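Here is the structure we will look at.
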Amino acid sequence: MIQKIKQISRKKKDSKHKTASDTAQKSGKKGDEIIIELKDVWKIYDMGEVKVNALRGLNVKVYKGEFLSIMGPSGSGKSTAMNMIGCLDVPTKGDVFLSGKNISYLTESDLATIRGEKIGFIFQKFNLINALTAKENIMLPLLFQDMPVDERKKRAEDVLQMVGLGDRMDHRPNELSGGQQQRVAIARALATDPEVILADEPTGNLDQKSGASVMDFLRQLHKDKGTTIVMVTHDKNVAGKADRVEVLIDGAIVDNKKKREVL
Amino acid sequence: MIKDYVRLSFFNLKRRRLRSYLTMIGIIIGIAAVISLVGLGEGLRNFVTAQFNIVDADVITVMASGTGNGPPGTGVVNPLTQKQLDRINSVNGVDVAFGRLIQLGDYLFNDKRGFTYIASIPAGEERKIVYDIVDLKTDEGRLLKDGDTLRIMVGSSFKDNDESGKRVEVGSKLEIEGHDFTVVGVLEKKGSFAVDTTIIMNEEIMREIFSEVGDDEYDVIVAKVKDGADMKAVKQDIEKVLRKERDVEVGEEDFSVETPENAVKTLTSTLSAINIFVYIIALISVVVGGIGIMNTMYTSVVERIGDIGTMKAIGARNSDIFVLFFLESGLLGMVGGIAGIILGSGLAYGLAAIAGANLGLDISASVSPMLVILSLLFSFIIGTLAGLLPALQAAKMNPVDALSESR
Ligand SMILES: Nc1ncnc2c1ncn2[C@@H]1O[C@H](COP(=O)(O)OP(=O)(O)O)[C@@H](O)[C@H]1O
Ligand SMILES: [Mg+2]
């Protein structure tokens, strides 16, 4: 599988999609450039009677080429934070910068375009479209980017090979194991060559073994291609696979002293 | 790109096959009702028009209808004359009028005796006009021309009928009223009993062998009306002229002036009464079908909230989601329409065939391509209209809320 990742790194020159490794090389040493920055981000859910403060002044910087994990207990605001980082939602207060550009005031349509081009999501429950085969699932984000069908097929086949599911292209999600489904989801996230991969509890629905295998794969991807990965999890061991760990409690990142206590 | 959306939509419909079919029932019934009844009505209209043996709608037929009130050549009638023909020819709006003889006569073929209508064709320029108006064409041989004396054309039933042990064909000899005639042409089948069993000969020879017909008398006068002239006014003018010429009062006419409209009109008005009824029923079932589609689409949107969230997360714009559901709904309508068209056509042609066989008539339904295209378009539009609101709802869904359904 690891060799396959290396193979796939070669890319068609004419493709408008840049690989993460290409861009990482261009920007020089990894860790310099901030791709995403959340500045004093608040998310308040107004439930009528009560207001839920899901995020309370969250500050996060995501550096190009790093593997960051955000760890926190259930209900601490991890998924909400992920929505902000992934341009799925805009803050009630505060700003989100993507490649230096403030996206907090963009329209839904602009956000969708940004998501399609720059973000690759991996979810706890895989979120594959059950009506479609593995290959078709991977072609879908490319369809939304108006890529011609031949290119889409080729690309989907390439990434499926890369995650080691070359022999499962025409299987539906319900014909695949949990671990295989998550690998299809990873392939889908990689298909568009995003700037950053966002994983929300990627091992949460998997058994020990397939969870470990998915984590190994993400690590390898990061190592070989320099893909920027942000992962949220409640699991200390899973979080530990990343280069850098931040701890989120009650909607904010805790200081280093508290972090040492937790880890 | 749209092709992929269509494919995706088809896919979703196929996955819920039973529900899709149930949803389409209203549309299917509505479209099938329209197709079958309009198809049958159109077929009936074609049949009746063929019986009147007139293709051009701008032709007026005048017949003497004496006390006998039977077909021409029977009963006591005051015949139409050359003078009356001349008068009709000078009526404003009449392009050209000419007379024809139509007599019952007997013939001998292969030693078997038969009895049928024998009709005349005028000579010269008028011959062409008659051929044109009645749309006479031969299946075998040729049409009669000026100078053909002991020659005839026969209707298609002569060729089809072998009761006498032999079929009539080009070159066959028929003895009519004691004279030997040679067949030079067999006419195309018209679907009209009257035409298909008729023997046609030139007027000159016909006057000779039917000596009881007066020299200046005609059985039928056919008037071709000028383009753009008012059919009804011309008809009234002809009636006025004939009343004067034949010295009869209004209401006591011993002649009839028929426009093809007249004849077909009765049928048409009956048909349109039925049609209105059918359209109302069809409209109701299509509207009910549309509501069914809307209901199904709302259900489908709710069922797929998670998918919608996922698609938005991976870059689907609101317009992408809208197109997806909108197309799906339109397809639901159109596939229902296709099923309705197939069912309706089957019904129309089936019923026409059964009726035709039982009545011994040559009736066939007629489902025009236009009707099919309009039905398809209509069912697609109903589908998309029904899908408009559900598709908008899906498109406007907040991605985070939608995703939380499947997170
Ligand atoms: N759509 C929502 N409406 C209201 N409250 C919400 C919504 N989404 C999340 N919350 C609340 O915000 C807090 C953080 O939620 P979440 O980000 O999902 O946490 P985590 O992913 O860490 O478990 C929780 O208290 C949760 O109940
Ligand atoms: Mg969560």
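For clarity, every value in this text was computed on a predicted model and none was experimentally measured.
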With a 4.5 Å heavy-atom cut-off, do B/Leu403 and A/Asn127 have their side chains touching? yes
Please confirm whether the backbone N or O of A/Glu108 pairs with a side-chain atom of B/Arg317, one donor and one acceptor, at under 3.5 Å? no
What do you reckon, is OH of A/Tyr45 surrounded by more than 12 foreign heavy atoms closer than 6.0 Å? yes
Under a 4.5 Å heavy-atom cut-off, does chain B meet the side chain of A/Ile119, its backbone, both or neither? neither
Any residues in residues 280-315 of chain B near chain A, with a heavy-atom distance under 4.5 Å, and which are they? B/Asp307, B/Thr310, B/Met311, B/Lys312, B/Ala313, B/Ile314, B/Gly315
Scanning both residues in full, the closest heavy-atom pair of A/Ala112 with B/Ala316 reads CB-O, 3.6 Å
Is A/Glu201 in contact with chain B via its backbone, its side chain, both, or neither, using a 4.5 Å heavy-atom distance? neither
Contacts of A/Lys51 meeting side chain to side chain donor-acceptor pair (under 3.5 Å) (sequence neighbours excluded), chain-then-number -> A/Asp46
